[in-house]
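The structure appears below as structure tokens.
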Amino acid sequence: MGCNCGCVCVDANAEKLSEVIEKYKNTEGALIPVLHEAQEIYGYLPLSVQKAVAEGLDISLAEVYGVVTFYTQFSLNPKGKYKIQVCLGTACYVKGAGDIYDKLKAALNLNDGDCTEDGLFSVEACRCIGACGLAPVIMVNDDVFGRLTVDDIDGIIKQYKDKEIE
Amino acid sequence: MAEMVTLTIDGIEVKAPVGSTVLDAAKSAGIKIPTLCFLKEINEIGACRMCVVDTGARSLQAACVYPVSEGLKVVTNSPAVREARKVTLELILSNHERKCLSCVRSNNCELQQLAKDLNIEDIRFDGETYDFCVDDASPSIVRDPNKCVLCRRCVSMCKNIQGVAAIETMERGFKTIVSSPFNMSLNDVPCVNCGQCITVCPVGALKEKDDTQKVWDAIANKELHVVVQTAPAVRVAIAEEFGNPVGSRATGKMVTALRKLGFDKVFDTDTAADLTIMEEGTELLGRIQNGGKLPVITSCSPGWIKYCEHNYPEFLENLSSCKSPQNMFGAVLKSYYADKMEIDPKKMFVVSVMPCTAKKFEVQRPELGTDCYSDVDVSITTRELARMIKEAGIDFNNLEETHFDDPMGDATGAAVIFGATGGVMEAALRTVADILDNTDHAEIEYKAVRGVEGIKEAEVEMGGMKVKAAVAHGLGNAKKLLDKIKAGEAEYHFVEIMACPGGCVNGGGQPIQPATVRNEVDLRAERAKAIYVEDESLPIRKSHKNEKMMKLYEEYFEKPGSHKAHKYLHTHYVARENYPDDCSEGCC
Ligand code: SF4
Ligand code: SF4
Ligand code: SF4
Ligand code: FES
Ligand code: FES
């Protein structure tokens, strides 16, 4: 479900979600704002949440899922505590961002959009983040790392792992 | 009359009603514009840009959605227009899985036809080819996104006409795909297996689960007594598969073809349709007289049944407990007929030929049959039967005409009209009126319940009471009708619902006509006409006058609604979840 803490917050979340649905129910174009708030509550949009949204707004699950997968800001998977975004924009791409991306996934043993089992890291591709001069670029939450080579990756991951141990 | 405007298309002056499109106007002037996504009244979204024309605007416009206006000048055949269409088509083809030689739609594929019409010799683009998984977990529908051209006709059919919305356009850009949420299989979502999406798909991206091999195997197995039954709608459509016009009747040839394929006996599902009328009529009268649950709602259409189980569990008690004619007949064959012929029902193999893909789901419902066998072993569609006939090298058009086999023989006109929307209702009224008035009415055509209007109502005086009836076809219409009943805005004694628009004649297993035909001809109306002609041609047109069926009661089932009849001819329903709670990995 929505969080990994194993506490009663799941129900609290469900309550919050129905409040959100109630709020938008009768407004035109309710789906996108409801999904936004749902994602804020749960951190991502799993099947159970999308089902609740579809039911609440009386639209099909297929329509909800279509919108969720159309807009990149919505996520089907939980994000890690450290969310790694790999820029695959043109400038980064020609400078080898593809290899960096592959290396990250291999180092963390992940697929695109997934999250590591300990909940620490998730990796996803993104579009140009406007730091083309530093290409290739990745972001870990708000930290930007530029002019990377494949060999830098292990060090960056270690840096955040160490932070956890402290 | 609508207000008219005058426009010029390729130098020809054309008058067209305000609100019509350039595509319509061109058609009336005899000018053909290629289309792909457009399907009249079902999908008019201007998505594919196959139909572009030059209207003098800065860019080319999609004719299928571009409105006519006074003085408009349109060019449909300039170098720029031809090139733009070619580029569009080549882009679609560049990432299409081009495997025509082994594709079920070859020779009846709108994409293939376009490639020919536009004289595509080479594909100038190297598209990345998709590698989507094929969803074949459903007993009825196979979805192959690698062949999808993203026209969205199926999406519109499923959502707007059928009100099911099991499929949508998902993702974006190159990853765009038409599928169910979370890439679940159609088997795990509230898809009702109606197959309407298949009949509107221009290509081979949607097709029925092919069960012909199972039939060939059974026929080849000398241990088995293999019998076949055919639904009424099949005989008025199968000839289309052999190049005949929509609405051709081919009952006698079809029977001959089935015999040539090697079936031991060829029976008519209509016998069970007559049985259904006796059982359902008795049920209706019983519920009216004893204050039972009303309205009685028909249960012949398995797509409708599954829809009800998913979406309207509160109406499950209203459903007639009668099995569908297909399953009723299977049960009769494996009980009465098996007894009479001294055949072990386990050594019998019953094949049904249906206009319907949902029947494939129905035959495997565990409650339909006994512990040792199911009522019907395999259900194939009209299209699959045509394929078998072709595979066997039978020259269909030149076959002689023969009759269905005894002991069931030919059924009644009442049973034949089951194939069109309103038919079950009309057949029931023919019998119930005779019973209640204790006479043999000469006036038997209830025209108010015929035709393609979405919801039809009738009030008929019989036995000193007014019987109120309603008919809906297409699940979107069914939804409207049920919501009205639920809200207490309408009251009926008897309601007929068919999942497919037009009823079985337009079922999801029927021959597929391309948009060029569908945009001109109302398949529902043309095939229904053939049904009513067949009805008129039969000597007996009321179910209770079917002597061979009445003999069934005498020799076996005693009387309608008897204990034995219930054991073999009736069933029950279950409420169904719409989506699983958990889905880990989608369809593959
Ligand atoms: S869908 Fe049409 S074009 Fe594609 S492989 Fe099948 S027949 Fe050929
Ligand atoms: S079979 Fe019917 S319900 Fe299922 S996806 Fe196709 S149109 Fe929708
Ligand atoms: S599956 Fe067929 S009807 Fe549906 S979008 Fe694809 S090509 Fe069109
Ligand atoms: S392309 Fe990567 S930052 Fe612009
Ligand atoms: S845009 Fe006109 S047919 Fe597709």
Side-chain angles (χ1 to χ4, degrees), chain A residues 1-4 10-11 13-14 17 30-32 34-35 38-39 42 44-78 88-90 93 98 101 110-115 117 124-128, chain B residues 45 47 132 135 143 145 148 150 152 154-186 188-192 197 307 310-312 475-476 479 483 486 576-588:
Chain A
M1 277 297 297
C3 68
N4 297 323
V10 171
D11 284 333
N13 283 345
L17 180 60
L31 180 55
I32 291 184
V34 167
L35 288 174
Q39 180 153 295
Y42 288 91
Y44 70 118
L45 297 168
L47 173 62
S48 56
V49 172
Q50 292 190 40
K51 262 169 92 167
V53 170
E55 229 161 83
L57 297 178
D58 197 21
I59 53 180
S60 70
L61 178 62
E63 189 176 339
V64 174
Y65 183 82
V67 168
V68 169
T69 54
F70 186 83
Y71 293 102
T72 41
Q73 72 254 38
F74 295 127
S75 174
L76 291 174
N77 300 299
L88 290 184
T90 315
Y93 196 81
Y101 185 36
L110 281 183
N111 286 322
D112 181 51
D114 280 358
C115 173
E117 260 171 41
E124 65 192 338
C126 71
R127 293 176 216 196
C128 175
Chain B
I45 58 171
F132 292 124
D135 172 18
R143 199 172 52 82
C148 175
L150 300 175
R152 296 163 173 74
C154 58
V155 172
S156 172
M157 172 54 84
C158 189
K159 179 167 153 186
N160 303 328
I161 311 286
Q162 295 298 64
V164 173
I167 43 180
E168 256 297 349
T169 322
M170 312 296 188
E171 307 278 353
R172 69 192 299 164
F174 179 72
K175 283 167 76 188
T176 309
I177 179 177
V178 166
S179 79
S180 293
F182 291 84
N183 203 21
M184 284 184 229
S185 162
L186 284 174
D188 298 325
V189 304
C191 164
V192 303
C197 51
Y307 182 81
H310 279 297
N311 301 291
Y312 288 94
L475 292 169
K479 183 175 166 52
D483 286 342
K486 211 163 126 177
R576 283 175 203 272
E577 261 289 300
N578 268 343
Y579 287 94
D581 282 329
D582 192 27
C583 101
S584 32
E585 260 324 306
C587 73
C588 48

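What's counted below: heavy atoms across the whole structure, side chains too, no hydrogens, waters or symmetry copies. To find a chain, count down the sequence lines: A is the first, B the second, and so on, and within it residues start at 1.
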Checklist entry - How close do F182(B) and Q50(A) get, heavy atom to heavy atom, and via which atoms? => result CZ-NE2, 3.3 Å
Next on the checklist: Looking at R127(A), I'd like to know if its CZ atom is crowded, meaning that more than 12 non-hydrogen atoms belonging to other residues, nucleotides or ligands lie closer than 6.0 Å.
Outcome noted: no
Item to check | Distance, nearest 0.5 Å, that separates OH of Y579(B) from CD of E55(A) | outcome: 11.0 Å
Next on the checklist: Counting neighbours of OH on Y93(A) that are heavy atoms of other residues, nucleotides or ligands and sit closer than 6.0 Å, is the number greater than 12?
Outcome noted: no
Next on the checklist: On a heavy-atom basis, which atom in M184(B) and which in L47(A) lie closest, and how many Å separate them?
Outcome noted: CE-CD1, 3.9 Å
Checklist entry - Do E168(B) and Y65(A) have side chains that get closer than 4.5 Å, going by heavy atoms? => result no
Checklist entry - Considering only heavy atoms, which portion of K175(B) lies under 4.5 Å from any heavy atom of chain A: side chain, backbone, both, or neither? => result neither
Checklist entry - Considering only heavy atoms, which portion of L76(A) lies under 4.5 Å from any heavy atom of chain B: side chain, backbone, both, or neither? => result side chain
Item to check | Distance in Å, E63(A) CD paired with I167(B) CD1, rounded so as to fall on 0.5 Å steps | outcome: 13.5 Å
